[in-house]
S.K.: 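Handing you a structure now.
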Amino acid sequence: MGTRYWIISLPIQSNTNAQSSWATLQDSISKHSFETPLYRFNIPNLRVGTLDSLLSLSDDLLKSNNFIEGVSHKIRRQIEDLERAAGVLSRSLTVDGVPVDSYLTRFVWDEAKYPTMSPLKEIIDGIHVQISKIEDDLKVRVAEYNNVRSQLNAINRKQAGSLAVRDLSNMVKPQDIVATEHLTTLLAVVSKYSQKDWLASYEILTTYVVPRSSKKLHEDNEYALYTVTLFNRDADNFRIKARERGFQVRDFESNPETQESRKQELEKLMEDQESFRSSLLQWCYTSYGEVFSSWMHFCAVRVFAESILRYGLPPSFLSAVLSPPSKSEKKVRSLLLGLGDKSNSTFWTEDEGGTGAFGSDADAYPYVSFTVNLI
């Protein structure tokens with residue numbers, strides 16, 4: 001599958017026809033650049049309108065193309081991120097079941113969706129409105145998904161951080177806590193290298209500490225978690241004295257109902273994340289196909305409009321899709337130049353990127369040409 005394609009059109013000379021011009025192009029490419037895939041890009045007879053309407057339309061073609069292409073790539077990147085997050089293999093993107101590269105190289109105009117008798121501006125405006133709605137919908141859906149992810153990441157950070165910040169509920173058992181009318185148990189986070197100091201001093205930090213009540217519950221790379229039991233009325237004073245010695249007393253509520261509630265919250269967030277991820281991914285698959293299809297119809301209108309402005313009326317041009325390897329691009333350009341209208345080729349080659357490219361991008365040649373990047 002190629003990722004970079006040229007959509008071009010060449011004028012059909014007065015002494016020939018479309019079929020003959022296509023045969024000449026095929027013969028030239030196969031002889032001099034056989035490794036370049038070449039396909040016919042079939043454009044129906046669209047409604048020309050007035051010259052003023054074509055000129056006005058051409059002014060907006062590049063801007064509109066960049067917008068549509070940008071939304072296409074945005075959805076594609078979102079698909080890649082979601083597939084990577086789920087650890088699933090990337091699947092081929094399609095338009096109504098047809099791989100996107102095949103849809104481009106075997107393009108067929110959808111008359112039911114885009115009637116050829118509609119003014120070109122009406123077709124382009126309709127495509128723009130459709131893509132804008134899809135982009136807005138993407139923003140809303142991604143925001144919902146990221147909100148759940150952020151909540152879940154915040155909980156996971158608490159569970160994965162050091163003892164100074166992480167959730168302690170899964171480390172403390174009910175039997176580790178004394179909670180009576182007069183006694184309470186506090187949890188102290190002690191530097192790994194200050195444990196001797198803690199054990200030697202915790203009983204005398206305040207007056208009402210239960211002797212030999214401290215027990216180590218857990219240890220990580222930085223800290224150790226200790227319990228200490230004391231009288232309720234002495235708890236606030238103990239916190240202050242402990243902080244002065246460099247020990248951190250963590251707030252902890254020994255409530256089975258609260259812990260169960262947190263567990264259920266975590267499980268629900270995990271379910272929500274998977275549900276949002278799956279829903280967003282399926283939406284992206286479908287929407288990418290819709291955007292890509294609209295983009296190719298836009299390209300067809302663009303080729304048609306630029307060909308009329310460049311070659312004149314009545315419409316008489318051959319449009320095609322090529323995907324030359326990088327090493328062959330210069331050679332293929334030379335071949336196309338030889339098959340195009342040579343009457344103004346000097347102007348175009350001397351002033352590439354010049355003023356003559358109607359609604360054009362960086363590709364400026366004496367024939368209609370622009371690039372489609374699938375990725």
S.K.: May I ask you to check whether over 12 heavy atoms, not counting those of Asp27, lie within 6.0 Å of atom CG?
M.R.: yes
S.K.: Between the side chain of Lys331 and the main-chain N/O of His32, is any donor-acceptor distance below 3.5 Å?
M.R.: yes
S.K.: Determine the minimum heavy-atom distance between Ser319 and Val303, stating which atoms define it.
M.R.: CB-CG1, 4.0 Å
S.K.: Given 3.5 Å as the limit, does a donor-acceptor pair link the side chain of Thr105 with the main chain of Asp101, or not?
M.R.: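 A pair under 3.5 Å: yes.
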S.K.: If we only count heavy atoms from C-beta on, is the Leu309 to Ser58 side-chain gap below 4.5 Å?
M.R.: yes
S.K.: When rounded to the nearest 0.5 angstrom, what is the spacing between OG1 in Thr116 and CD in Glu111?
M.R.: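 The distance works out to 4.0 Å.
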S.K.: Find out whether Val48 and Leu120 are in side-chain contact, i.e. whether some heavy atom of one side chain is under 4.5 Å from a heavy atom of the other.
M.R.: no
S.K.: Is Asn221 atom CG crowded by more than 12 heavy atoms from other residues, nucleotides or ligands, each under 6.0 Å away?
M.R.: no
S.K.: How long is the straight-line distance from CG of Leu10 back to CZ of Arg310, given to the nearest 0.5 Å?
M.R.: 10.5 Å
S.K.: Do the side-chain N and O atoms of Tyr311 and Ser316 include a donor-acceptor pair separated by under 3.5 angstrom?
M.R.: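 The answer is no; no qualifying pair exists.
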S.K.: Answer with yes or no whether the side chains of Ser9 and Ser307 bring together a donor and an acceptor at under 3.5 Å.
M.R.: yes
S.K.: Inspect the contact between Asp272 and Lys268 and indicate whether a charged nitrogen and a carboxylate oxygen are less than 4.0 angstrom apart.
M.R.: yes
S.K.: Taking atom types as modelled, is there a side-chain donor on Tyr226 or Gln195 under 3.5 Å from an acceptor on the other?
M.R.: yes
S.K.: Which heavy atom of Lys327 sits nearest to which heavy atom of Glu35, and what is that distance?
M.R.: CE-OE2, 4.4 Å
S.K.: Check whether Ser323 reaches the backbone of Arg4 with its side chain - one donor and one acceptor, N or O, closer than 3.5 Å.
M.R.: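 Looks like yes, one N/O pair under 3.5 Å.
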S.K.: Should the heavy atoms of other residues, nucleotides or ligands under 6.0 Å from CG of Asn373 be counted, would the total exceed 12?
M.R.: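 Check passes, neighbour count above 12.
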S.K.: So that I know where these two stand, are Phe107 and His297 an aromatic pair - ring centroids less than 6.0 Å apart?
M.R.: yes
S.K.: Evaluate Thr94 against Phe292 for side-chain contact (heavy atoms from CB on, under 4.5 Å), listing each step before the verdict.
M.R.: CA-CA 9 Å; Thr94 64; Phe292 192 84; over 6 Å; no
S.K.: If hydrophobic clusters are built by linking Ile, Leu, Val, Met, Phe, Trp and Tyr wherever their side-chain heavy atoms come under 4.5 Å apart, do Val189 and Leu186 end up in the same one?
M.R.: no
S.K.: Flag yes if more than 12 heavy atoms outside Phe231 fall under 6.0 Å of its CZ atom; otherwise flag no.
M.R.: no
S.K.: Quick one: does Trp295's side chain get under 4.5 Å of Val372's, heavy atoms only?
M.R.: yes
S.K.: When you look at Lys192 and Leu163, which way does the side-chain contact (heavy atoms from CB on, under 4.5 Å) test go after all the steps?
M.R.: CA-CA 11 Å; Lys192 189 174 181 179; Leu163 289 171; over 6 Å; no
S.K.: May I ask you to check whether Arg106 and Tyr39 show a side-chain donor-acceptor distance below 3.5 Å?
M.R.: no
S.K.: Answer with yes or no whether the side chains of Thr206 and Asn237 bring together a donor and an acceptor at under 3.5 Å.
M.R.: no
S.K.: Within the supplied structure, the quantity of interest is the number of heavy atoms (other residues, nucleotides, ligands) at a distance under 6.0 Å from Glu244 CD; does it exceed 12?
M.R.: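 Check passes, neighbour count above 12.
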S.K.: Looking at Glu274, is its backbone amide N or carbonyl O close enough to the side chain of Ser278 to form a donor-acceptor pair, meaning the two atoms are under 3.5 Å apart?
M.R.: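 No, Ser278 side chain to Glu274 backbone: no donor-acceptor pair under 3.5 Å.
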S.K.: Counting only heavy atoms from other residues, nucleotides and ligands, does the tally under 6.0 Å from NZ of Lys113 exceed 12?
M.R.: yes
S.K.: Looking at Lys133 and Glu290, is any side-chain nitrogen of the basic one under 4.0 Å from a carboxylate oxygen of the acidic one?
M.R.: no
S.K.: Evaluate the side-chain proximity of Phe317 to Ser21: yes if any heavy-atom separation is below 4.5 Å, no if none is.
M.R.: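 Side chain of Ser21 against side chain of Phe317, heavy atoms only: no contact under 4.5 Å found.
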S.K.: Can you confirm whether Glu144 sits close enough to Val148 that some side-chain heavy atom of one is under 4.5 Å from a side-chain heavy atom of the other?
M.R.: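 No, side chains not in contact.
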S.K.: On a heavy-atom basis, which atom in Leu205 and which in Ala242 lie closest, and how many Å separate them?
M.R.: CD1-CA, 4.1 Å
S.K.: May I ask you to check whether Trp198 and Ser214 show a side-chain donor-acceptor distance below 3.5 Å?
M.R.: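 A pair is found: one side chain offers a donor N or O, the other an acceptor, under 3.5 Å apart.
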S.K.: Quick one: do Tyr202 and Tyr208 end up in the same hydrophobic cluster if we chain Ile, Leu, Val, Met, Phe, Trp and Tyr together by side-chain heavy atoms under 4.5 Å apart?
M.R.: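 No, because Tyr202 and Tyr208 fall into different hydrophobic clusters, even though each may have its own neighbours under 4.5 Å.
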S.K.: Would you say Thr16's side chain and Gln13's backbone share a donor-acceptor pair under 3.5 angstrom?
M.R.: no
S.K.: Does Asp60 come within less than 4.0 Å of Lys63, counting only side-chain N to carboxylate O?
M.R.: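 No, this pair does not count.
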S.K.: Might you point out which heavy atoms bring Val165 and Arg250 nearest each other, and give the distance in Å?
M.R.: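 Heavy atoms only, the tightest pair is N-NH1, 3.7 Å.
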S.K.: Considering only heavy atoms from C-beta outward, does the side chain of Ile43 approach that of Val301 to under 4.5 Å?
M.R.: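 Counting from C-beta outward, Ile43 and Val301 never come under 4.5 Å.
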S.K.: How close do Tyr223 and Ala164 get, heavy atom to heavy atom, and via which atoms?
M.R.: CE1-CB, 3.9 Å
S.K.: Is there a side chain to side chain donor-acceptor pair (under 3.5 Å) between Arg277 and Tyr145? Walk through the geometry before answering.
M.R.: CA-CA 7 Å; Arg277 187 203 64 79; Tyr145 172 64; 5.6 Å; no
S.K.: Please identify which of these residues, Leu61, Ile131, Ile123, meets the side-chain contact (heavy atoms from CB on, under 4.5 Å) condition with Phe298.
M.R.: Leu61
S.K.: Are side-chain heavy atoms of Tyr285 and Leu93 found at a separation under 4.5 Å?
M.R.: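 Result yes, sub-4.5 Å side-chain heavy-atom pair found.
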S.K.: Looking at Thr50 and Ser53, would you say the former's side chain and the latter's main chain have a donor-acceptor pair under 3.5 Å?
M.R.: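 Yes.
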S.K.: Would a hydrophobic clustering, with Ile, Leu, Val, Met, Phe, Trp and Tyr connected at side-chain separations under 4.5 Å, put Phe304 with Leu313?
M.R.: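 Yes, because Phe304 and Leu313 connect within a single hydrophobic cluster, where side-chain heavy atoms sit under 4.5 Å apart.
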S.K.: Between the main-chain N or O of Ser118 and the side-chain N or O of Arg47, is there a donor-acceptor pair closer than 3.5 Å?
M.R.: no
S.K.: Measuring from atom CZ of Arg141 to atom CH2 of Trp283, what distance do you get when rounded to the nearest 0.5 angstrom?
M.R.: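 The CH2 atom of Trp283 is 6.0 Å from CZ of Arg141, to the nearest 0.5 Å.
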S.K.: Within a radius of less than 6.0 Å around CE of Met171, do more than 12 heavy atoms belonging to other residues, nucleotides or ligands occur?
M.R.: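 For Met171, atom CE is crowded (more than 12 foreign heavy atoms under 6.0 Å).
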S.K.: Within the side chain of Thr185, is there an N or O that forms a donor-acceptor pair under 3.5 Å with the backbone of Val178?
M.R.: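 Yes: the side chain of Thr185 pairs with the backbone of Val178.
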S.K.: Which heavy atom of Met296 sits nearest a heavy atom of Phe41, and at what distance?
M.R.: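 Where Met296 meets Phe41 most closely, the heavy atoms are O-CZ, 4.0 Å.
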S.K.: Does one hydrophobic cluster hold both Leu318 and Trp109, with members joined at side-chain heavy-atom distances below 4.5 Å?
M.R.: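 Cluster IDs for Leu318 and Trp109 match.
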S.K.: Using the rule that Ile, Leu, Val, Met, Phe, Trp and Tyr join whenever any side-chain heavy atoms are under 4.5 Å apart, tell me whether Leu217 and Leu183 fall into a single cluster.
M.R.: no
S.K.: I'd like to know whether Ser132 forms a side-chain contact (heavy atoms from CB on, under 4.5 Å) with Phe67, so could you lay out the CA-CA distance, the side-chain angles of the two residues, the decisive distance to 0.1 Å, and finally the verdict.
M.R.: CA-CA 9 Å; Ser132 295; Phe67 168 67; 3.6 Å; yes
S.K.: Any side-chain to backbone donor/acceptor pair from Ser334 onto Lys330? Under 3.5 Å, distance only.
M.R.: no
S.K.: Walk me through whether Val321 and Leu104 qualify under side-chain contact (heavy atoms from CB on, under 4.5 Å).
M.R.: CA-CA 8 Å; Val321 175; Leu104 166 59; 4.2 Å; yes
S.K.: Within a reach of under 6.0 Å around CD of Glu181, are more than 12 heavy atoms found that belong to other residues, nucleotides or ligands?
M.R.: no
S.K.: Looking at CG of Asp251 and CG of Leu187, how far apart are the two atoms once the value is rounded to the nearest 0.5 Å?
M.R.: 9.5 Å
S.K.: Using side-chain contact (heavy atoms from CB on, under 4.5 Å) as the criterion, point out the one residue from Val368, Thr371, Leu336 that pairs with Ile8.
M.R.: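 Per the side-chain contact (heavy atoms from CB on, under 4.5 Å) rule, the option paired with Ile8 is Leu336, out of Val368, Thr371, Leu336.
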S.K.: Return yes if some donor-acceptor pair links the side-chain N/O of Glu203 with the main-chain N/O of Arg212 below 3.5 Å, else return no.
M.R.: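 The answer is yes, because a donor-acceptor pair under 3.5 Å joins these two groups.
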S.K.: Hey, are the side chains of Ser20 and Ile12 touching, using non-hydrogen atoms and a 4.5 Å cut-off?
M.R.: no
